[in-house]
Amino acid sequence: MTVSVRRVGSGRFVATAPSGATVDIGGDGFSPVQLLEAALAACAALTAEQLIVRRTGADFTVVATGAEAAHEVSSVDVTFALPADEPLATVIPRAVARECKVSRTVEHGAPVAVHLDPDLRQL
């Protein structure tokens, strides 16, 4: 997994995935915290999609809301716009906790190493 982020102006960046997909960051684009929230919501949605579609057949929305502290996000609530009926109210949180790589990484923490490499090719 590799994503590159390139500066395109003062406080503006573009993230590029290996597929060529891009996301604007800063300026009128997403903030880094919003990208984290979007990644959590998207991962939860993708994880639960088949469960929800099989049971309800409906499209749905997932909202992630982060609580920010001084220089970190202290918690994130991920909410599915669905009735809180059983068994979805039980099955969805379990599936996300077990299978969503993004939420598992945030919950368990992952070391972040920062390096400088003058030979890194421009992506």
So if you build clusters from Ile, Leu, Val, Met, Phe, Trp, Tyr with side-chain heavy-atom gaps below 4.5 Å, do [X] and [Y] land together?
| X | Y | answer |
| --- | --- | --- |
| Phe30 | Leu36 | no |
| Val102 | Val73 | yes |
| Leu46 | Leu51 | no |

Please report the shortest heavy-atom distance between [X] and [Y], naming the atom on each side.
| X | Y | value |
| --- | --- | --- |
| Ala58 | Ile52 | O-CG2, 4.2 Å |
| Val76 | Ala64 | CG1-CB, 4.1 Å |
| Phe13 | Val5 | CB-CG1, 3.6 Å |
| Ser103 | Val96 | OG-O, 3.5 Å |

To the nearest 0.5 angstrom, please state how far the [atom1] atom of [X] sits from the [atom2] atom of [Y].
| X | Y | atom1 | atom2 | result |
| --- | --- | --- | --- | --- |
| Arg6 | Arg12 | CZ | CZ | 10.0 Å |
| Leu82 | Thr56 | CG | OG1 | 6.0 Å |
| Asp85 | Arg55 | CG | CZ | 4.5 Å |
| Asp59 | Glu49 | CG | CD | 9.0 Å |
| Ser75 | Glu107 | OG | CD | 10.5 Å |
| Leu88 | Phe60 | CG | CZ | 10.0 Å |

Next on the checklist: I want to check something: taking the side chain as every heavy atom from C-beta on, are Val106 and Leu40 in contact at a cut-off of under 4.5 Å?
Outcome noted: yes
Checklist entry - Is Thr65 close to Thr79 at the side-chain level, that is, under 4.5 Å between some pair of heavy atoms? => result no
Report yes or no: does [X] contribute a side-chain atom to a donor-acceptor pair with the main-chain N or O of [Y] at less than 3.5 Å?
| X | Y | result |
| --- | --- | --- |
| Arg104 | Ala97 | yes |
| Glu37 | Gly66 | yes |
| Ser74 | Ala67 | yes |

Next on the checklist: Counting only heavy atoms not in Asp117 (residues, nucleotides, ligands), do more than 12 fall under 6.0 Å from its CG?
Outcome noted: yes
